[in-house]
Amino acid sequence: MELLAPAGSPEALRAAVQNGADAVYLGWGRFNARQSARNFSDEEFREALAYCHTYGVRVFLTLNTLLTDRELPKALETAASAARLGVDAVLVQDWGLFDLLRKSLPDLPLHASTQMSVFTSGGAIQLAEDGCERVVLARECSGEDTARVCENCPAEIEVFVHGALCVCCSGQCAFSAVVGGRSGNRGRCAQPCRLPYGVNEPAGNKRPLSLKDNCLAEYLQEMEAMGVACLKLEGRMKRPEYVAVVTRIYARLLAEHRPPTAAERAELDQAFSRSGFTDWYWRGKTGYPMFGARPENIPEPAALFQEARASYEKDSLRTVPAAFACTVRAGEPCTLAVRDRDGHTVTVSGPVPETAGNRALTEEDLRSRLSKTGGTPYRCEEISLAIDSGLYLSASALNGLRRSALSALTEARTAPPARRELPPPPLPEAGCAGDAPEWTVSVVNLAQASPELLALGPARVYVPLEQLADCAALPEYGGEWCAVPPRVWRDRDEGRLRDWLDRAKALGAAGALLGNIGHLSLLRDSGLALYGDFGLNVFNSRSLAYLREKGLASACLAFELRFAQIRDMEKLLPAEAIVYGRLPLMLTENCLIRNNGGCRCDLPNFLNDRTGASFPLLPAFGHRTELQNSKVLWLADKPQWQRAGLRYARLRFTTETPETCLEVFHAYLRQEPPQGEFTRGLYERGVE
């Protein structure tokens, strides 16, 4: 399996390479999910590619953020420049960029970032069919989940094995964006999950959103047996010494096919941990023992980090084996061919040897000169010689011959591959913009969709699929009932979900709301109209074009966009936006209520922060939790969204009573100003 290490800086890159990484991932330019990391300048990026490729280490560029229409051309230019320089793959989150890269740079390998929220075989297969070389699974996947995906998906599967865990399911966190204006989907996460909160009590010293770091060092052989292609280490925000320690230990475990010793576990803990480590996601478990925080002012492990620095400061740990073949014939220029294990062979010529005077060149002399590769990345592992007797070559000539050959080998190893660059395909004809958005309504229970509310004529009513499964009958009304399958599920759930979909269709549901790319395989043959939800993180026109190709009939835009960005977007699909409600901040694999000491998911539950704000906690499919914003989004009196070309405007009801739902709908029809606590969301201020 490939060992993929983080490189948040040139120093961390050297630390990873010298300690055994097979590949590194790094940020170059503006569009990567660790904007606060040191990252790489233009010159440093070129040097990083040459350095890594000399040592046989692959380089993956992270372009794994959501992008606006204005940013897409620059992101494409960044990817094209990286492809010309020889980058080995690009990690992508944004559907529009993904679509653009696969069509404009068809020879550039693409990796689906964990931010794409892939945790089922159907999602992974969809991306493989679209040309993804590798799919990085969501960090919440268990060993069982991973084995199923490996078995079913033709693409390579990458698993996150060590480092920081987000409590929110991969790619579904808006907490930092909505509360603080710094978007995790844009590489600016402020990590609000690491702060103190209280569940159904005032915030104290508890940190119910702070997970321990992941450590799956015990399970590497298990992963290899199931067909995992790559093991990812987290840490682009970590110091180089940390990268050196963790990479060295995992490289050793892979080479020696064994679990870690107690001493190695202790070193991993010293390098960085949060109250120790957890392996519970991999084991299919959730619960409060997974959670932990890092105390302040922990002293640096001086001895461990000093040893780590020594491992990469002189580039002395790692060498590239090479085989030499030298020919010294009378009357002919001497030649030296050098071959590496990757199939590169170079041959250089030197001077014509002279007739020996006092002492002729011997095979021993020649071997000694050629094998002196110190100060280079290479080591001579084999020498074959063809030498005539009675000849002489100076030491400087032999040294020059060796230097020329190794320099030529470096050029061969670092030469970028030829790759096609095609013009960006034009966007299809738009024509899907609307003048006056129609209303849609989402509810968490059918009681909120009262007869009085339905009488107001929403075009669609979105109902959780599990609610429809328990429903005896749906009221008749002039609009469309739509099933909302869970945003997060697993392969093992799909039989039950298909039964529920059949039930919903029998009741009269005509559409379904897709919040994940894996929903396509689940719903494609359902006979239901397919609409995109906010979980797809639609941020630009090309994302709409991609979803249109997949057969979607409309899509809800990301609520991190500003009004102006929505207005200027080419409406390649009928577009929808959430204009009222508590915005969803997190969807957690853990049930935060159960973790607090008891499962009372049927009652009102809240997460309270240090300012006194209360964030409602709603139960989600699979005993998960969806965290809602403390303030309600209110735009009834804001005309901008009505002039943005939207076809649908959604009222998102969560904690409201049926009576309140009706009052809100009437208030929006009358364009009333807000009362009480409210937020305008991100539509005016945007996000970093």
Side-chain angles (χ1 to χ4, degrees), residues 117 140 165-180 184 191-211 280-281 285-291 293 442-445 447-448 462-467 484 486-489 515 533-535 559 578 580-633 652-657 660-661 676-679 681:
S117 304
E140 301 79 37
L165 284 171
C166 302
V167 69
C168 182
C169 295
S170 299
Q172 299 301 306
C173 186
F175 199 172
S176 177
V178 171
V179 174
Q191 297 191 326
C193 54
R194 302 300 180 188
L195 298 174
Y197 298 93
V199 176
N200 295 324
E201 61 185 7
N205 294 322
K206 295 181 181 178
R207 298 177 190 260
L209 301 183
S210 181
L211 283 167
W280 275 26
Y281 277 153
K285 299 175 66 177
T286 57
Y288 192 71
M290 297 182 68
F291 289 75
S442 68
V443 299
V444 298
N445 61 72
Q448 292 172 316
Y462 303 120
V463 184
L465 179 58
E466 52 266 45
Q467 285 272 321
V484 184
R487 259 194 294 162
V488 174
W489 77 103
D533 204 2
F534 61 83
F559 49 78
I578 298 172
Y580 167 83
R582 295 185 185 275
L583 294 175
L585 304 184
M586 283 186 172
L587 180 58
T588 66
E589 190 74 12
N590 274 268
C591 175
L592 302 180
I593 305 146
R594 180 176 59 188
N595 286 356
N596 194 47
C599 193
R600 37 168 287 177
C601 299
D602 56 329
L603 301 176
N605 294 279
F606 298 90
L607 180 81
N608 300 307
D609 71 10
R610 295 172 298 173
T611 71
S614 290
F615 301 84
L617 301 173
L618 298 185
F621 174 82
H623 216 143
R624 299 176 176 93
T625 299
E626 188 176 82
L627 174 69
Q628 314 299 318
N629 194 17
S630 61
K631 297 178 181 179
V632 171
L633 173 71
R652 184 175 190 267
F653 297 123
T654 51
T655 59
E656 294 85 353
T657 65
T660 302
C661 294
E677 281 199 320
F678 70 95
T679 177

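Start at 1 with the first residue, then count along the sequence.
Side-chain N/O atoms of Thr286 and Arg594 include a donor and acceptor closer than 3.5 Å. In this model, no donor atom of one side chain and acceptor atom of the other lie less than 3.5 Å apart for Arg652 and Ser442. In the model, Gln172 has a side-chain atom that pairs as donor or acceptor with a side-chain atom of Ser117 under 3.5 Å. In this model, a donor atom of one side chain and an acceptor atom of the other lie less than 3.5 Å apart for Asn605 and Arg600. Using modelled atom types, one finds no donor on one side chain facing an acceptor on the other under 3.5 Å when comparing Asn590 with Thr588.
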message = Test side chain to side chain contact (heavy atoms under 4.5 Å, CB included) on Phe291 and Leu165; report intermediate values, then the result.
response = CA-CA 10 Å; Phe291 289 75; Leu165 284 171; over 6 Å; no
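Taking the side chain as every heavy atom from C-beta outward, Tyr197 and Ser210 never approach each other to under 4.5 Å. With contacts defined as side-chain heavy-atom distances shorter than 4.5 Å, the pair Leu195/Arg610 qualifies. Counting heavy atoms from C-beta outward, Leu607 and Leu209 have side chains that approach closer than 4.5 Å. Within the 4.5 Å cutoff, the side chain of Pro584 has heavy atoms near those of the Arg487 side chain. Inter-residue side-chain proximity for Glu677 and Ser630 is flagged as unmet; no heavy-atom pair is nearer than 4.5 Å.
Phe175 has its ring centre less than 6.0 Å from the ring centre of Phe615.
With sequence neighbours left out, the salt bridge (charged side-chain N to carboxylate O under 4.0 Å, His left out) criterion links Lys206 to Glu201.
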